[in-house]
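All remarks here apply to the structure that follows.
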2 protein chains.
Amino acid sequence: MAPRAATRSLHAQVIEEIGESIVSGALQPGDALPGEAQLATQMAVSRTVLREALKVLAAKGLIETRQKTGMRVRDPRHWNHLDADVLAWRCAAMPTDDFVDKLVEMRAIIEPAAVAAAARRREPAQLEAIGAALEAMEESTTLDEWAVADLHFHEAVLAATNNELLSSLFGVIEAALGTFFVMSARTAKNFKYALPHHRAVYEAIRRRRPNEAAAAMQAMIADSRANMRKGKKSG
Amino acid sequence: MAPRAATRSLHAQVIEEIGESIVSGALQPGDALPGEAQLATQMAVSRTVLREALKVLAAKGLIETRQKTGMRVRDPRHWNHLDADVLAWRCAAMPTDDFVDKLVEMRAIIEPAAVAAAARRREPAQLEAIGAALEAMEESTTLDEWAVADLHFHEAVLAATNNELLSSLFGVIEAALGTFFVMSARTAKNFKYALPHHRAVYEAIRRRRPNEAAAAMQAMIADSRANMRKGKKSG
DNA sequence: AAAACATATTTGTACGACAAATGACAAGTT
DNA sequence: AACTTGTCATTTGTCGTACAAATATGTTTT
């Protein structure tokens, strides 16, 4: 850990350290942080660097600063819960089960909607990209090859939605979920189990059938739920 | 404008100025920004303040900085499109029609899902809050009273989802949409036209019927589409 | 008791100096 | 000539100090 921390810039480290403390609950909402001067010496960085970090945290809605009063941890209602860092910090902290449930709920809402949007608005080149990824999945012989092709498939679908808001949301939720789920032993041995689902999604997008695409994705999610095992990823 | 700008902190102004330039397209992805020193004098602020702003913009994914190379505008694919500031800047710039369409698409995905979630997981006190807001809407006699009660209704539903990811998303999308739509003259005169829809949503949540709640919300969205006029708000 | 004022504390802003990284270029080597 | 090596200049990264602006708190005044 130590060498990795050394490579990243100081303010990045400070942002992460304070951000994690807040999101993990070590610092409670309403708590007053030490003054900038004290906090800077405490973390062994200059006030300049500390302030750069604080501004970023304020931009994420985690803290608020007022002159004379100092800094306070804001109520979670004001946090940018969809910020990639905030999500990552929540994943890093020991999250409650219901947080994972919330992520799963988001995926269940977004993914069917995304493939439906792709079915409506995909352009020829984008369909081709999805098809190419699907082909790579079919021809994959190892778990790694499959994983790479699967990632390409999802990215291609994302691009085909032609809605960067949707793909942005999709991206952060998937990244957070990826922290928690690993393939079960059964799935690892039969890693192509989801291929028919992917093909169904592809076909629905090719034929421009939004409803069918959404249904296929819902089936895929339901199936994958049964095949996933919860637990922190080793890597 | 001038007095308002004076009240906000310098870095906030710098963040907004550069952020808008990027999001509006005045600065193209890949473009190199002037060095910190030059940019600071150009904007008449200290390098300290400028850097605080740049760190925030980097956190939003708008720029990336590397030593020796300087700063570059990142590809939009890396932007935090769901960041409240980024969305606000896009709204402030002259947005293309299809951006508004994307926002509307997001709303069509989220709102039915949100009321369905509220129907599944609302707690008694939360239902009561929704009911109180609905009552206020029924008893409102002016457009202002209606607007306030309507806002409370939406906030109460949001809280009742018990999923801060969902409510966070809901919040930023609604805020962005609020920039674009104003009530049409016809709607203003008959501002209670949406009351039956609200009541239907409330009833579905009360009876814990997710599907009915989603359907009622979809009907409400479809109806409001016909009654909204596109255009920038005057305020 | 209430209002006006003074003060101390905390964040906001500015400036100057040096460290670290790194692209560019020159020199040297094969 | 092509490639490697090393120096150098430029740009961001970090630090420390000093002062300005705002504002809670306590004090004085009315």
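Just so it is clear: chains get the letters A, B, ... in the order the sequence lines come, proteins before strands, and each one is counted from 1. In this text, all values refer to a predicted model and were calculated from it rather than measured experimentally.
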(message) With side-chain hydrogen bond (donor to acceptor under 3.5 Å, both in side chains) as the criterion, how do B:H11 and B:E52 come out once you've worked through the C-alpha distance, each side chain's angles and the decisive distance to 0.1 Å?
(response) CA-CA 7 Å; B:H11 48 256; B:E52 287 175 5; 3.3 Å; yes
(message) How many whole angstroms separate atom CD of A:E36 from atom C1' of C:dT13?
(response) 11 Å
(message) If I take atom CD in residue A:Q67 and atom P in nucleotide C:dA8, what distance separates them, rounded to the nearest angstrom?
(response) 18 Å
(request) Looking only at side-chain atoms of B:S9, point me to the closest of D:dT14, C:dT13, C:dA14. (result) C:dT13
(request) Name the orientation class of the two ring planes belonging to A:F153 and A:H198 (parallel below 30°, tilted from 30 to 60°, perpendicular beyond 60°). (result) perpendicular
(request) Return no unless some side-chain N or O of A:K55 is found under 4.0 Å from OP1 or OP2 of C:dG12. (result) yes
(message) What's the closest nucleotide to the side chain of A:L10 if the choices are D:dT14, C:dT13, D:dT11?
(response) D:dT14
(request) Give the rounded distance in Å between these two atoms: CZ of B:R8 and C1' of C:dG12. (result) 15 Å
(request) Return the orientation label for the A:H154 and A:F170 ring planes: parallel under 30°, perpendicular over 60°, tilted otherwise. (result) tilted
(request) Would you kindly give the CZ-to-P distance between B:R47 and C:dG16, to the nearest whole Å? (result) 12 Å
(message) Counting the atoms with a prime plus P, OP1 and OP2 as sugar-phosphate, which does A:R51 contact under 4.0 Å by heavy atoms, base, sugar-phosphate, or nothing?
(response) base
(request) Taking only the side-chain nitrogens and oxygens of B:H11, find out if one of them lies under 4.0 Å from OP1 or OP2 of C:dT13. (result) yes
(message) Using heavy-atom distances to pick each residue's nearest nucleotide on DNA chain D, tell me which of A:T69 and A:T48 is more 5'.
(response) A:T48
(message) Tell me whether the rings of B:W146 and B:F191 are parallel (<30°), tilted (30 to 60°) or perpendicular (>60°).
(response) tilted
(message) Classify A:T65 by what it touches in the nucleic acid, base, sugar-phosphate, or nothing, heavy-atom distance under 4.0 Å.
(response) sugar-phosphate
(request) Answer with yes or no whether the side chains of A:T142 and A:D144 bring together a donor and an acceptor at under 3.5 Å. (result) no
(message) Could you tell me how far apart B:R72 (CZ) and C:dG23 (C1') are, to the nearest whole angstrom?
(response) 13 Å
(request) Could you tell me the separation between the NZ atom of A:K68 and the C1' atom of C:dT7, rounded to a whole number of Å? (result) 9 Å
(message) So, does A:R66 get its side chain near the phosphate of C:dG12, meaning an N or O under 4.0 Å from OP1 or OP2?
(response) no
(request) May I ask you to verify if any side-chain N or O of B:S46 is less than 4.0 angstrom from the OP1 or OP2 atom of C:dT13? (result) no
(request) Calculate the interatomic distance between B:L50 atom CG and C:dG12 atom P; express it in whole Å. (result) 17 Å
(request) Could you state the atom-to-atom distance from CD of B:E52 to P of C:dC15 in whole Å? (result) 14 Å
